[in-house]
Amino acid sequence: MSAEGQRGAAPGVGALYLHVPFCARKCAYCDFASWATPTGDPLMGSYSRALEAQLDEVAGMGLLEGCETAYVGGGTPTLLGADRLGSLVERVARLAAPSELTCEANPDSLTDDVLDAARAAGATRLSVGVQSLDDGELAELGRLHDAACARERVRAAVASGLDVSVDLMCATPGQTDASWASTLAGALSLGVGHVSVYPLQIEEGTALGELWRHEDPAWNDGDVQASRMKQAQAVLEGSGLVRYEVASYAAAGRQCRHNIAYWTGVTYLGLGTGASSMLNLKQYLRLSQACPSLPEPPSSAARVRLTVETTRAEVAADPRIAALSFSTEFLSHREAVAEDLMLAMRMTSGVGPGLLARARETVPAGRLEAAVGEAVATGLAAWSGGRLVPTECGWLLGNELYGLMWDLAADDA
Amino acid sequence: MSTNDTSHIRNFSIVAHIDHGKSTISDRILELTHTVEERDMEAQLLDTMDIERERGITIKSNAVRVMYDADDGQTYQFNLIDTPGHVDFTYEVSRSLAACEGAVLVVDATQGVEAQTVSNANLAMNANLDIVPAINKIDLPSAHPDEVKEEIEEDLAIPADDAVCVSGKTGEGIHDLLEAIVFLVSPPRGSYDAPLKALILDSYFDEYRGVVATVRVFDGHVAKGDQLLMMQGGTDFLVDGVGVRRPAEQPVDELGVGEVGYVVTGLKDPEAVRVGDTLTYRDRPCDEVLPGYREAKPMVYTGLFPVDNKDYENLRDALEKLRVNDPSLTWTPETSVALGFGFRVGFLGLLHMEVVKERLEREFGLSLIATSPSVDYHVYQTDGQMVCVRSPQDLPDVTRIERIEEPFLKAKVIVPPEFTGAVMQLAIEHRGITQDMVYLSEKSVEMHFDIPLAELILDFFDQLKSRTKGYASLDYDFSDYRPSDLVKLDILLSGDEVDALSFIVHRDKAYALARGLCDKLKEIIPRQQFEVPIQGAIGNKIIARSTVKAVRKDVLAKCYGGDISRKRKLLEKQKEGKKRMKQIGSVEVPQEAFLAVLKVDDQ
């Protein structure tokens with residue numbers, strides 16, 4: 001088949017992600033691809049212009065045809081400032097025309113100008129890293145904003161007409177059941193239609209990881225995490241939000257469709273330092289034509305994961321897709337199914353008949369039945385209207401449940 | 001050397017207290033005699049096993065030939081036989097010494113004569129060896145060689161005027177030491193034409209060549225094609241080759257009288273070659289067998305079980321292969337409800353056990369569980385019979401026991417006077433009975449205790465070292481069996497007794513140990529999806545308990561595009577971790593739980 005033929009036959013990715021690896025300061029818990037960057041660092045401008053150039057190039061390859069959602073994340077995209085962020089968002093809206101376009105934001109850099117620019121450029125949704133509405137906790141986390149700033153900026157965002165989500169973090173230093181309750185209630189009072197809640201994870205290589213290298217702090221204990229997550233569920237659901245994923249709650253019609261794409265096997269393209277893509281084979285081959293350093297896929301490959309390994313400065317210096325270096329991971333049909341099963345168990349909707357049918361085609365019958373049987377027998381999952389859905393216990397003990405599903409990727413002793 | 005002339009041969013061992021620098025001196029000798037070029041020198045060349053080099057201890061004997069051009073213009077053949085230093089491996093020392101005419105006795109110039117200096121010197125003198133005292137580490141500022149000379153004369157009754165001062169580190173004095181060996185160690189005696197009489201010092205199994213035996217020829221000579229007989233084992237074989245180690249194996253035409261080298265037997269059955277046996281010509285045997293060694297007796301027994309039951313046969317094969325060069329290793333099959341099929345293996349001590357377990361895992365790729373160590377108990381039953389019990393599971397029902405006797409040791413601790421109180425306290429905590437104390441000098445006291453072996457094998461040695469800041473040294477000998485009030489402590493997980501966790505203990509210590517074990521197991525056993533009660537019991541009586549709480553949350557909540565691969569890798573790692581655990585009932589128990597008794601903190 002010719003390249004032209006492929007281009008005609010396959011649509012582009014379903015979702016687009018752009019990574020902005022700049023922050024005003026590195027938070028104590030953060031292990032993402034992001035670096036503290038002084039205001040006025042010319043790298044921010046050259047990097048975002050490079051992303052725009054890359055967008056032009058992938059659009060030219062047809063990879064953005066049919067793209068449904070886009071997400072400009074970080075790092076702190078709002079740190080780019082009104083002009084640069086507006087320009088980047090405008091390029092996304094023009095080239096990909098997604099029906100949902102989210103920008104990640106931190107309260108301290110979400111100025112009115114930035115807000116207006118993003119909205120005017122075509123953003124539909126804003127995800128604000130609030131984390132807590134307790135000043136002491138925010139300071140412990142190394143956040144630059146205080147609670148008053150967060151409240152005021154989120155209100156402004158809601159007032160602008162954008163669809164606003166806030167991120168909140170539990171099991172953090174200094175947090176109590178009472179302070180968590182007040183953070184949850186405070187966030188709801190701001191009128192947001194979406195809340196994500198995460199227990200803090202102490203990761204290697206972060207400031208907290210250094211501090212707690214040899215012991216596990218009581219404030220991050222598994223029991224504390226579990227009770228805070230349950231507390232969040234009670235408060236958020238009590239106010240009318242609905243949990244649709246282990247860490248995500250939304251009002252009717254306000255779910256983040258971009259994140260749902262990640263959990264349901266939709267293909268996505270990630271641009272920028274550290275960004276990940278998940279492509280089908282045709283999309284991968286198309287990208288390979290622009291980027292000859294990409295390896296030949298093995299014959300068994302059905303799905304490809306790529307991560308941009310090129311540094312920020314390198315991206316800025318040479319924006320061509322051909323200049324990028326990627327790490328790649330090829331998944332077989334069976335691995336792709338196991339991965340979809342694993343991710344589906346994060347969702348309230350669980351595994352539906354379609355995915356089950358795919359699983360029956362690729363996973364030996366005995367293995368699939370045994371894994372499902374074990375998940376049900378141990379109370380991690382249950383059948384509900386023809387779908388296998390996670391239980392409360394399955395959500396809390398997610399690794400057990402996801403492990404059962406991912407084990408289906410291969411036969412072993 | 002087809003001749004009776006052995007005047008240029010010197011066979012000697014180097015003996016020392018642990019850490020006194022025996023291996024570094026060996027290395028310097030190899031260097032100075034150009035056996036190994038300096039650039040090829042790896043520290044501690046003679047310690048060939050990974051474990052030996054990592055731990056800095058010698059476990060196996062090793063014989064190396066070096067050629068020394070002496071000041072008298074002659075070239076001498078030195079056969080250097082390295083010996084182990086740890087108290088667990090004393091028997092290897094005696095075996096090595098039987099192949100020598102001389103011994104270099106190394107004494108640390110800063111520490112002086114220590115417990116094993118004395119015991120090794122005694123072994124060497126009992127073997128009628130010519131002794132060359134060497135005072136090592138003279139490069140250290142705290143060296144006091146003159147006082148050490150006095151100690152050697154006073155404590156060991158060895159003339160120390162000729163003692164050579166050396167530094168294994170800098171190489172100073174090594175030349176003088178080699179000259180002293182030429183002059184002080186007698187050449188071997190024996191007849192080249194007499195029927196072969198050779199002692200098997202050591203052996204190992206080579207997949208291609210079969211068993212390769214290290215031998216010392218006392219009479220006669222041996223070459224490829226000779227038909228030989230093992231006098232005690234009765235097996236005969238055709239010699240496939242002979243050679244010497246320099247330290248790499250180097251084939252030679254023959255091994256003559258007085259020489260040390262290796263014989264390729266071609267035998268595929270490791271059991272056929274027993275260390276200590278005498279080799280002779282099949283058709284012209286010598287008239288008597290060489291005196292055997294003091295047989296090494298196991299002191300400690302532990303269960304060894306493969307984590308994966310499919311490895312049972314592999315474990316047996318591996319043990320058999322190790323036994324070829326470690327004849328002290330003994331085992332019998334053992335079955336555990338919790339762990340399946342395995343072996344109850346006898347060891348010389350806990351270090352020996354650790355070394356064997358590590359070798360089995362590394363060299364044979366096995367994953368093993370070791371259970372709590374036990375000694376050999378004599379259980380007198382009400383029916384008048386006595387049974388030997390080496391495993392808590394074999395203990396008869398309490399109603400059938402009249403009394404239990406346990407082995408006691410005579411322990412000898414040499415320590416500076418300021419630590420005698422601490423040592424006495426330690427002995428009391430371990431049910432030791434102090435017999436007497438003798439001042440060897442102003443700076444060292446020799447203390448004698450009677451102490452149950454079961455107490456000594458656990459953490460006594462480590463505790464002794466830590467409470468005396470490393471100054472104390474320990475030596476022990478079997479004394480006798482004495483009645484003790486012993487009970488079987490059982491451990492229950494989720495209400496079910498786990499046989500592999502049972503332990504025989506003195507009644508007075510059972511409560512503290514049960515509490516300690518329950519607490520330690522609580523730390524070791526990971527939280528599971530349900531609560532796991534841990535109980536310690538004597539018979540039906542629960543005497544201690546703890547609980548592993550159920551895990552309530554185990555999830556990385558955040559999982560977006562870039563996290564998915566990472567998430568999968570985390571799940572795979574989690575699965576690998578589970579593979580290393582043993583499923584007992586519904587509880588996943590890590591391997592180290594079965595040795596938890598060794599980790600219980602001493603309150």
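In what follows, every heavy atom counts, from backbone to side chain, and hydrogens, waters and symmetry copies are set aside. Letters A, B, ... mirror the listed sequences (proteins, then strands); counts begin at 1.
Heavy-atom distances place the side chain of A/Y268, and not its backbone, under 4.5 Å from chain B. Only the side chain of A/L343 has a heavy atom closer than 4.5 Å to any heavy atom of chain B. A/E400 touches chain B through backbone and side chain together, each having a heavy atom under 4.5 Å away. In this structure, no portion of A/Y71 lies under 4.5 Å from any heavy atom of chain B. Residue contact with chain B, scored on non-hydrogen atoms closer than 4.5 Å, is absent for A/S277.
A distance of 7.5 Å separates OG in B/S565 from CG in A/L331, rounded to the nearest 0.5 Å. Going from atom CE of A/M342 over to atom CD1 of B/I564 covers 6.5 Å, rounded to the nearest 0.5 Å. Atoms CG and CD, on A/L380 and B/Q529 in that order, are 5.0 Å from each other to the nearest 0.5 Å. Between the CZ atom of B/R568 and the CE atom of A/M405 there is a distance of 16.0 Å, given to the nearest 0.5 Å.
Between B/G562 and A/S276, the shortest heavy-atom contact is CA-OG, 3.3 Å.
Taking the six-membered ring where the residue is Trp, B/Y560 and A/Y198 present perpendicular rings, their angle passing 60° and hence far from 30°.
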Should A/E339 and B/K567 be marked as a salt bridge (charged side-chain N to carboxylate O under 4.0 Å, His left out) after you check the CA-CA gap, both sets of side-chain angles, and the distance that decides it?
CA-CA 10 Å; A/E339 191 178 80; B/K567 178 98 200 163; over 6 Å; no
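Other residues, nucleotides and ligands contribute over 12 non-hydrogen atoms within 6.0 Å of the CZ atom of B/F364. In the displayed structure, B/Q583 atom CD is contacted under 6.0 Å by more than 12 heavy atoms of other residues, nucleotides or ligands. Enclosure of atom NZ in B/K509 by more than 12 non-hydrogen atoms of other residues, nucleotides or ligands within 6.0 angstrom is indicated.
With hydrogens and angles ignored, the 3.5 Å screen pairs a side-chain donor or acceptor of A/W263 with a backbone N or O of B/C559. Side-chain N or O atoms of B/Q574 include none that pairs as donor or acceptor with a backbone N or O of A/G403 at under 3.5 Å.
Looking at A/D223, A/L397, A/N399 one by one, the single match for side-chain contact (heavy atoms from CB on, under 4.5 Å) with B/V551 turns out to be A/L397.
Residues B/R552 and A/D221 fail the side-chain proximity criterion, which asks for heavy atoms closer than 4.5 Å.
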